[in-house]
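The structure appears below as structure tokens.
Quick note: numbers below take in every heavy atom, side chains included, and nothing from hydrogens, waters or symmetry partners. Below, read A as the first sequence line, B as the second, and so on, with proteins coming before strands; counting in each chain starts at 1.
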Number of protein chains: 2
Amino acid sequence: MAQEMPGDTTQPPAEESPFGQTKYDDLWGRPGYLVRRLHQIHMGLFAEACDGLDLTAVQYAVLSVLYSGEAFDQLSLSKAVGIDRTSGADVIKRLVRRGLATREPSIEDRRARVVRITEAGRTFVRDVRPQMEAAQDKLVSPLSEEEHDIFMQLLRKMIEANNGHSRAPMK
Amino acid sequence: MAQEMPGDTTQPPAEESPFGQTKYDDLWGRPGYLVRRLHQIHMGLFAEACDGLDLTAVQYAVLSVLYSGEAFDQLSLSKAVGIDRTSGADVIKRLVRRGLATREPSIEDRRARVVRITEAGRTFVRDVRPQMEAAQDKLVSPLSEEEHDIFMQLLRKMIEANNGHSRAPMK
DNA sequence: GAAAAATAGGGAGCGTACTGCATAAATTTT
DNA sequence: AAAATTTATGCAGTACGCTCCCTATTTTTC
């Protein structure tokens, strides 16, 4: 539970830095590092909110995409959620195991497996939605409404511009 | 790509959202979701920049903390980098295996293992630093300098406020 | 000083995110 | 129509982030 604050002995004084310059010397000055930390925090918040439900944010995202009832092959589903195809297959496997989704061979394309949400899955999504929202709310709770909007805007700007550099680009 | 399955008439087209409201309906409206995507993108950018070096952002973060030469026990080191103790032990194990760090039993506390960077590790940090910076730069390249500052400020605000939630709490 | 609590670490195991290689089925080219 | 290419998936393996359970040491408390 113990957490570290910025200046917390983690970083050496300036002269110890690899090049003696200022940019990105401190972990807390590295955007990628802070994004990783915030991602971990969100996962923690989500797990906390869904205490005992044994559900992850990614699993909920997959179920969210499936919620409409539309059928997806595994690759399209993974892309829609923005995860790697192999990760997606794993997530789907777990959802199927819990009876929240089905995965059956496609009739039109014999390579593909068709994934659909079950009624139990739809019910589950509805039941858990408040917890998902609580985790989101808590994550951004330190921000004003205006800051929240700016934050989302900046996130989207970075994601859209760099979309191709992730193994799992969206759409 | 998403297949239109013929017998797919089980779900009503309109009002597919669990509660029919607007907040967080779309994946792109969920901050936690976007943060996960951006995290993935940064990992991809980092791997791209460090092509062939077989180095991850987390490994570089650990080496960054060790760079000053200060000795850390595994738990302190993990906390300084903001990762779980078991994850930290794994990362350290890999760094030791590559000769970038050492891990020896502590003399003062026989429970602890003392981790230090090696000279090879320090050299490696210096050599790879430009690639790390390139990944950071590319991640935030869509932002103006002002937006960059705002983004970092908002990230830090959220992280500091939610600091205790990065791991599931002990019950 | 002995018992109780806290701390550092190991090991097993799960979930996500990826790389590589392989295979089968579909599509495109020739 | 045959060959080449693309596509959808699977499996094995790596990395990280976590949980739970366990042992071995401090450190605290009585």
The nucleotide from C/dT16, D/dA15, C/dA17 with an atom nearest the side chain of B/Q59 is D/dA15
For A/F151, enumerate each residue passing the ring pair (Phe, Tyr, Trp, His ring centres under 6.0 Å) test, keeping only those at least two apart in sequence or located in another chain.
B/F151
Taking any heavy-atom pair under 4.0 Å as a contact, classify B/D73: base, sugar-phosphate, or nothing.
sugar-phosphate
Mapping A/R36 and A/A89 to their closest nucleotides on DNA chain D, which lands nearer the 5' end?
A/A89
Among the nucleotides C/dA17, D/dG10, D/dA15, which one has an atom lying closest to any side-chain atom of A/Q74?
D/dG10
CG of A/D90 versus C1' of C/dA17: gap in Å, rounded?
9 Å
Base, sugar-phosphate, or nothing for B/T56, non-hydrogen atoms under 4.0 angstrom?
sugar-phosphate
Under 4.5 Å between any side-chain heavy atoms of A/D137 and B/Y24, yes or no?
yes
B/S/- contact track for nucleotides 21-29 of chain C, protein heavy atom under 4.0 Å:
B---BS---
Base, sugar-phosphate, or nothing for A/R98, non-hydrogen atoms under 4.0 angstrom?
nothing
Is B/R103 near enough to C/dG10 that one of its side-chain N or O atoms lies under 4.0 angstrom from OP1 or OP2?
yes
Taking only side-chain N and O atoms of B/Q40, does any of them lie within less than 4.0 angstrom of OP1 or OP2 on C/dT16?
no
Contact class for B/T86 (heavy atom, under 4.0 Å): base, sugar-phosphate, or nothing?
base
So B/R113, base contact, sugar-phosphate only, or nothing? Heavy-atom distance under 4.0 Å.
sugar-phosphate
Who are the side chain to side chain contact (heavy atoms under 4.5 Å, CB included) partners of B/E147, not counting sequence neighbours?
A/L154, A/K157, B/L143, B/S144
Interatomic distance, A/K93 NZ vs C/dA17 C1' [rounded to whole Å]
14 Å
Result for side chain to side chain donor-acceptor pair (under 3.5 Å) between B/Q74 and one of B/R103, B/K93, B/R113 points to B/R103
So, is the end of the B/R116 side chain (NZ or CZ) under 6.0 Å from the ring centre of B/F72 and within 45° of the ring's axis?
no
From CZ of B/F46 over to P of C/dT19, roughly how many Å is that when rounded to an integer?
15 Å
Does NZ or CZ of B/R129 lie under 6.0 Å from the centre of the six-membered ring of B/Y60, at an angle within 45° of the ring axis?
no
Expressed as a whole number of angstroms, how long is the span from A/K79:NZ to D/dT9:P?
10 Å
Do the non-hydrogen side-chain atoms of A/L139 and A/L38 ever get within less than 4.5 Å of each other?
yes
Taking atom P of C/dT19 as reference, at what distance in whole Å does atom CG of B/D54 sit?
13 Å
